[in-house]
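The figures that follow rest on heavy atoms only: side chains count, while hydrogens, waters and symmetry mates do not.
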Amino acid sequence: MKVTLRVWRQTGPDGPGRLVSYEAEVPSTDMSFLELLDTVNEGLIAKGEDAIAFDHDCREGICGMCSQVIDGQPHGPDKAAATCQLHMRRFKDGDVITAEPFRAKAFPVVKDLVVDRSALDRVMTCGGFVSVNTGAAVDANAVLVPKDDAEKAMDAAACIGCGACVAACPNAAAMLFVGAKVSQFALLPQGAPERVRRVLSMRKAMDKEGFGHCSNEAECEAVCPKEVKISNIARLNREFIRALAVSDG
Amino acid sequence: METLARLVTSSIGRKLLVAAVGFLLCGFLMTHLAGNMFLFVGEKAFNTYARVLESNPFLLPIELALLGVILLHAVVALYLNLTSLAARPVGYAMKRSRGGRTWGSATMVYTAVLIGVFLVIHVKTFKYGVRPSPEDLYGLVMSYLQDWRWALFYAVVMAGLGLHLSHGAWSATQTFGIDHPKYTPLIKGAGLAFAVVVAAVFTAIPIWACWFLGGAR
Ligand code: HEM
Ligand code: SF4
Ligand code: FES
């Protein structure tokens, strides 16, 4: 099978960018889309041309490094899958496949399909953690967590920080990501001591990075490879309202 | 003080303002719709209603509050929209919805502008329009709505209003953090039902005025 790739090529952060077409022979439909890009890159390198830069690491859907908007959808057309989990059997002979970088002011393009998502990391440093005293491990049953809360916290903690929610959002908002990160602690007793400070400062960092506002479009939930729900955005809103009400500041 | 600052300077706080004020506007819509029902009863009933309303000493402060509320809703929402445009300076060559958006949510800005333009025209013609006689608001309303072009304009705007509410009503509850595995679908359904009923009953007025009373001038 043969496909045509239309790939966003951009020399650097400020460089001009454009979509460039590549005819690609697909040796096996069982290969992943990223493996196809590897193959195309081998050809480009053999010809002495610049290889297509794209992000990836684990290639098994757990690290959140792979990005790309494929055929207009972050992480491609499959539900609950990251770009690295997209396989060529999803396409037909003769298909034209468009690959673009995630688009957001907070995610500047580094090169080609690679964007800088450290804005999400900076938001995390403003409260996406719990402070604990080091020392002997606490007894497992010393702090009781209701089963339902543990489940919800785990569902929120499934977020791999890929940023697809931002890429899909018509407003380039990061509310699903921040909602997941605030929720995973808000639901657990371990998160309680820093609960107010966390939501206030993560919210502030999120706005500072230049993400848009949430208009409850739910496009984020639909593309999230980890199926993080917008219930977490509702919880983020609740946490924010609560923090406004109880903070002394 | 800091709480207030957080409310008006944060994206979430601003959304809360838009949502809270949106709820107030839904309340206004319901009272306005209820009052307009007197049009169906007849000339005398509607003009009596108008006289009672206009003789209320609190009408002016209420109208000013309403104006403030509408402006707050519009200005903050439009401002948020502008920040979101700035949040994606370079757009996609190809973008496909994954089914999260609805017609209502995808057209919020457009329906908002439509309603805004409508409001100016509406208040100018009905509130500050010249009545056949000082006590005859009914005559003024009918002089417009029995013209099919005005009736059509009203019908189009009401469809836009319905679309706006179809997303707005539910969205405001989500912004307030109201969410429950069982009740969220019910709230969404109720929001949609509210939008359809408000739009349909408002639309019924010009249709009725034009086709049944006016003989489609
Ligand atoms: C068929 C539909 C409608 C009819 C027949 C109608 C009729 C009227 C009339 C007769 C007035 C003047 C009241 C007075 O001067 O005492 C009025 C005022 C007003 N209407 Fe409507 N209306 C309709 C739909 C709407 C909608 C959908 C909205 C909002 C989105 C709206 C917003 C207003 C506002 C803000 C005022 C000014 C209120 C005030 O200053 O007291 N109307 N309407
Ligand atoms: S919420 Fe989902 S889409 Fe957003 S960063 Fe986390 S895993 Fe990616
Ligand atoms: S490469 Fe790790 S999630 Fe795709």
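- Identified by a heavy-atom distance below 4.5 Å to chain A, the contributing residues of residues 93-102 of chain B are B:A93, B:M94, B:K95, B:R96, B:S97, B:R98, B:G99, B:G100, B:R101, in residue-number order.
- For the set A:R203, A:Q73, A:K229, A:H213, the count of heavy-atom pairs under 4.5 angstrom toward chain B peaks at A:H213.
- Contacts of A:S231 with chain B are made by both backbone and side-chain atoms, with heavy-atom separations under 4.5 Å.
- Side-chain N or O atoms of A:R235 include none that pairs as donor or acceptor with a backbone N or O of A:Q184 at under 3.5 Å.
- Salt bridge absent: A:D95 and A:K2 never bring a charged side-chain N and a carboxylate O closer than 4.0 Å.
- Listed for the B:Y183 side chain is no donor-acceptor partner under 3.5 Å among the backbone atoms of B:I178.
- Using a 4.5 Å cut-off between heavy atoms, A:I230 touches chain B through backbone and side chain atoms alike.
- Less than 6.0 angstrom separates the ring centroid of B:F38 from the ring centroid of B:Y49.
- Within the 4.5 angstrom heavy-atom criterion, no atom of B:H180 approaches chain A.
- Proximity to chain B (any heavy atom under 4.5 Å) is shown, for A:E221, by neither the backbone nor the side chain.
- For an aromatic pair to be called close, the ring centres must be under 6.0 Å apart, and B:Y154 with B:Y144 fails this.
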Cut-off 3.5 Å, no hydrogens considered: what does the side-chain donor-acceptor table look like for residues 145-159 of chain A, sequence neighbours left out?
{"residue": "A:K147", "atom": "NZ", "partner": "A:E151", "partner atom": "OE2", "Å": "2.6"}

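- Interface remark: B:A19 contributes no atoms to any contact with chain A (heavy atom separation under 4.5 Å).
- Heavy atoms closer than 4.5 Å to chain B are found in the backbone of A:F211, but not in its side chain.
- In terms of heavy-atom pairs under 4.5 angstrom with chain B, the leader among A:I233, A:V223, A:V109 is A:V223.
- In terms of heavy-atom pairs under 4.5 angstrom with chain B, the leader among A:P101, A:S215, A:A243 is A:S215.
- Taking the charged nitrogens against the carboxylate oxygens, A:R195 and A:E239 do have a contact shorter than 4.0 Å, which makes a salt bridge.
- Counted within 6.0 Å of CZ on B:F23, heavy atoms from surrounding residues, nucleotides or ligands total more than 12; the atom is thus considered enclosed.
- If you measure heavy-atom distances from A:L244 to chain B, the contacts under 4.5 Å come from both the backbone and the side chain.
- Taking A:P74, A:A106, A:A168 one by one and counting their heavy-atom pairs under 4.5 Å with chain B, the maximum is reached by A:A168.
- Note on A:R103, A:R238, A:K105: by heavy-atom pairs under 4.5 Å with chain B, the leading option is A:R103.
- Under a 3.5 Å cut-off, the side chain of A:R198 and the backbone N or O of A:G191 do form a donor-acceptor pair.
- With chain A as the partner, the residue from B:S171, B:S84, B:P89, B:G104 showing the most heavy-atom pairs under 4.5 Å is B:S84.
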- Query: Checking side chain to side chain donor-acceptor pair (under 3.5 Å) for the pair A:T83/A:Q68: CA distance, chi angles, key distance, verdict?
  - Reply: CA-CA 7 Å; A:T83 297; A:Q68 297 189 38; 5.7 Å; no

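- In this pair, A:F102 and A:H75 present their aromatic rings perpendicular. The plane angle is above 60°, beyond the 30 to 60° band.
- In this structure a side-chain-to-backbone donor-acceptor pair under 3.5 Å is missing from B:H164 to B:A159.
- Interface check for chain B: of the options A:V166, A:T98, A:L236, A:V69, the most heavy-atom pairs under 4.5 Å are formed by A:V69.
- With respect to chain A, the highest number of heavy-atom pairs below 4.5 Å among B:T83, B:T175, B:I12, B:T9 belongs to B:I12.
- For a residue to count as touching a neighbouring chain, one of its non-hydrogen atoms must lie under 4.5 Å from one of that chain's; by this rule B:L85 does not touch chain A.
- Most heavy-atom pairs under 4.5 Å with chain A, from the set B:S105, B:P181, B:A106: that is B:S105.
- Neither the backbone nor the side chain of A:A245 has a heavy atom closer than 4.5 Å to any heavy atom of chain B.
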